[in-house]
Amino acid sequence: MSLDIKRPSINKTKKKTGFIVKMQLNNNNNRSGHNKRNLFFVFFRNYYRWVIWLFLSLYFFTSYFAGDQSSPSTTTTTSLLSNHLTSSSLPSRALIESSAILKPGGLFSGMKIYVYDLPARFNVDWVTASDRCASHLFAAEVAIHRALLSDSSVRTLDPEEADFFFVPVYVSCNFSTANGFPSLSHARSLISSAVDFLSDSYPFWNRTRGSDHVFVASHDFGACFHAMEDLAIEEGIPEFMKNSIILQTFGVNYKHPCQEAEHVVIPPYIPPESVRRAIDRAPANGRRDIWAFFRGKMEVNPKNISGRFYSKGVRTAILKKYGGRRRFHLNRHRFAGYRSEIVRSLFCLCPLGWAPWSPRLVESAVLGCVPVVIADGIKLPFSETVRWSEISLTVAEKDVKNLRKILERVAATNLSVIQRNLREPAFKRALLYNVPMMEGDATWHILEALRRKLDRSFRRSSVLSQ
């Protein structure tokens, strides 16, 4: 059979054109010169949906990874300054388990950090002697060290390339006291010995007198290395550390001898796994049935120690005023599962102890309980980027007598707004340390703070002067 089908003119309809193509395909055996072309049409007619699906999949796949190369610094800062909406009153486990690992290339203005490989007596031996060394509230010194060792984007193995030098000395792991709290009596001599070792073994400390060197002092009053403020002030920061950068949990908004060195205020250490466990054990319906919560040391009759009273008497005032009140869940005794109480609470009281800061601040925030900060003049971690005023309450020490009225006013007005802000993923990540380091976590923010201090880099100043 032979059909003489002519090419349709331009004014023919699409339908008729399709018919002509079909006729040609059905009779392709009679047109051997067009076999290859006709086979292509047959294939396309039968499988065109799969072809289109394949190309669309490739397009979205490549678009995803192209978009992922945007600057982490810009992305994180933007999310910290915006509200994150969610329907659940419980923090998401995914916020803690995020796998957004930092990628090399352009991060922190190309900043490089050299981590000294000190003898084990300065760090590893302490962890070996006690597991608590890596998990208690002062363990930021361990977590930061491990995070830097695991990160190839910022760490350099060549000290000549380094902008900063990290000195990993663990001074919070001497649990030799009768009450089991860390002793700091050895801290000055241990760090001094480490500096002597660096001075004798490397040229980098001596050339800048340590101005591009970084220490961690995650104790009550930072590098003053004492738990009592008057004695901490009296002893002050060791002279050999005053020229360096100190990462410390202590911070106040006024002049203080224990922060008279270049420093970054960092969060205390809370094990991420403990946060996960608390979230897993939280009520499935997300109900918070505890109105105001505090568990910790509260003295009925505070002792006068060298003219000072624990917590400046604030915790005692809270106990006497609100102890036994139905809406206040106050307890003076330790309980290992106290984080399961935080995740059930609306307001979590964070009064000062001997020092202004406390791990309750981080625990409350990451578990969705509104932190009620009662510590005059405290400087909170990463205050340059974290909107603390939008996710916490600050009550003056003198106003604890009006605490119930203050909390009732907030509960009746903007509590839901504060809770919504507390659920912001970037904020939660900023307060937790991870190994390996994750984008936007506590170590990441420390590196961002160091980036703003690159004018202290000997390497960069040397390049500029040439």
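We count residues from 1, following the sequence as given.
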*asked:* I'd like to know whether CG of Asp131 has more than 12 heavy-atom contacts from other residues, nucleotides or ligands below 6.0 angstrom.
replied: no
*Would you mind reporting whether Ile144 and Ile266 have side-chain heavy atoms less than 4.5 Å apart?*
yes
_To the closest 0.5 Å, what do you measure between CD (Glu299) and CZ (Phe309)?_
10.0 Å
*Starting at CG of Asp455, measure out to OG of Ser457 and round the result to the nearest 0.5 Å.*
9.0 Å
*asked:* Less than 4.0 angstrom from a charged side-chain N to a carboxylate O is my criterion; do Lys242 and Glu239 meet it?
replied: yes
*Angle class for the Tyr114/Phe165 ring planes (parallel below 30°, perpendicular above 60°, tilted otherwise)?*
perpendicular
*Do Tyr116 and Leu198 pass the side-chain contact (heavy atoms from CB on, under 4.5 Å) test, and can you show the C-alpha distance, the side-chain angles, and the key distance before you say yes or no?*
CA-CA 9 Å; Tyr116 281 117; Leu198 298 180; 3.6 Å; yes
*Which atom pair, heavy atoms only, marks the closest approach of Trp126 to Arg121?*
NE1-O, 3.1 Å
*Please report the shortest heavy-atom distance between His329 and Ile290, naming the atom on each side.*
CB-CG2, 3.5 Å
_Are the side chains of Phe122 and Ser193 in contact, using a 4.5 Å heavy-atom criterion?_
yes
*Mind checking whether Arg360 and Cys350 have side chains closer than 4.5 Å, heavy atoms only?*
yes
_Taking side chain to side chain contact (heavy atoms under 4.5 Å, CB included) as the criterion, tell me which of Val275, Val362, Ile270 meets it with Leu367._
Val275
*List the steps, then state whether side-chain hydrogen bond (donor to acceptor under 3.5 Å, both in side chains) holds for Arg404 with Tyr322.*
CA-CA 8 Å; Arg404 180 182 61 82; Tyr322 303 107; 6.0 Å; no
*Would a 4.5 Å heavy-atom cut-off, applied to side chains only, mark Phe164 and Leu454 as touching?*
yes
*Just wondering, do Val195 and His213 contact through their side chains at under 4.5 Å, heavy atoms?*
no
*Could you check if a side-chain atom of Asn434 sits within less than 4.5 angstrom of a side-chain atom of Arg429, using non-hydrogen atoms only?*
no
*Can you name the closest pair of heavy atoms from Cys348 and Ile342 and give their distance?*
SG-CG2, 3.8 Å
*Give the ring-plane orientation class for Tyr202 versus Phe204, where under 30° counts as parallel, over 60° as perpendicular and anything between as tilted.*
tilted
*Test side-chain contact (heavy atoms from CB on, under 4.5 Å) applied to Ile113 and Leu447, step by step*: CA-CA 9 Å; Ile113 296 179; Leu447 293 178; 3.3 Å; yes
*Counting distance only, does the side-chain N/O of Trp354 pair as donor-acceptor with the main-chain N or O of Ser311 below 3.5 Å?*
no
*Do side-chain atoms of Glu397 reach the backbone of Val314 as a donor and acceptor pair under 3.5 angstrom?*
no
_From CA spacing to verdict: ring pair (Phe, Tyr, Trp, His ring centres under 6.0 Å), Phe427, Trp388_ = CA-CA 9 Å; Phe427 169 72; Trp388 284 102; 5.3 Å; yes
*Can Arg452 and Glu448 be counted as an ion pair, charged N to O under 4.0 angstrom?*
yes
*Using the salt bridge (charged side-chain N to carboxylate O under 4.0 Å, His left out) rule, pick out the option among Arg451, Lys112, Arg460 that qualifies with Asp163.*
Arg460
*Please name the pair of heavy atoms, one in Cys369 and one in Ser345, separated by the smallest distance, quoted to 0.1 Å.*
SG-O, 3.4 Å
*asked:* How long is the straight-line distance from CG of Leu415 back to CD of Glu408, given to the nearest 0.5 Å?
replied: 12.5 Å
*Nearest 0.5 Å please: distance from the CZ atom of Phe382 over to the CG atom of Leu380.*
11.5 Å
*asked:* With a sphere of 6.0 Å drawn around CZ of Arg281, does it hold more than 12 non-hydrogen atoms of other residues, nucleotides or ligands?
replied: no
*Identify the two heavy atoms, one from Ala396 and one from Asp376, that lie closest to each other, and give their separation to 0.1 Å.*
CA-OD1, 3.6 Å
*Salt-bridge test for Lys255 and Glu260: reply yes if a basic N is under 4.0 Å from a carboxylate O, no otherwise.*
yes
_Would you say the ring centers of Trp444 and Phe108 fall short of 6.0 Å from each other?_
yes
*Side chains of Pro283 and Arg344: closer than 4.5 Å at any heavy-atom pair?*
yes
*Does atom CG of Asp117 have more than 12 heavy-atom neighbours from other groups under 6.0 Å away?*
no
Throw together a table of side-chain donor-acceptor distances under 3.5 angstrom for residues 245-254, partners on residues two or more places apart or in other chains.
{"from": "Gln248", "atom 1": "NE2", "to": "Phe250", "atom 2": "O", "distance (Å)": "2.9"}
{"from": "Thr249", "atom 1": "OG1", "to": "His219", "atom 2": "O", "distance (Å)": "3.2"}
{"from": "Asn253", "atom 1": "ND2", "to": "Ile378", "atom 2": "O", "distance (Å)": "3.0"}

*Parallel, tilted or perpendicular: rings of His136 and Phe175 (30°, 60°)*: perpendicular
*Just by distance, do the side chain of Tyr269 and the backbone of Glu141 share a donor-acceptor pair under 3.5 Å?*
no
_Go through it in stages, so that I can follow the logic: the residues are Glu229 and His256, the test is side-chain hydrogen bond (donor to acceptor under 3.5 Å, both in side chains), and I'd like the CA-CA distance, side-chain angles, deciding distance and then a yes or no._
CA-CA 10 Å; Glu229 186 172 17; His256 195 286; 2.8 Å; yes
*State, to 0.1 Å, how close Gly323 and Leu330 come at their nearest heavy-atom pair, and which atoms those are.*
N-CD1, 3.8 Å
*Would you indicate whether the side-chain heavy atoms of Val127 and Arg146 approach each other to under 4.5 Å?*
yes
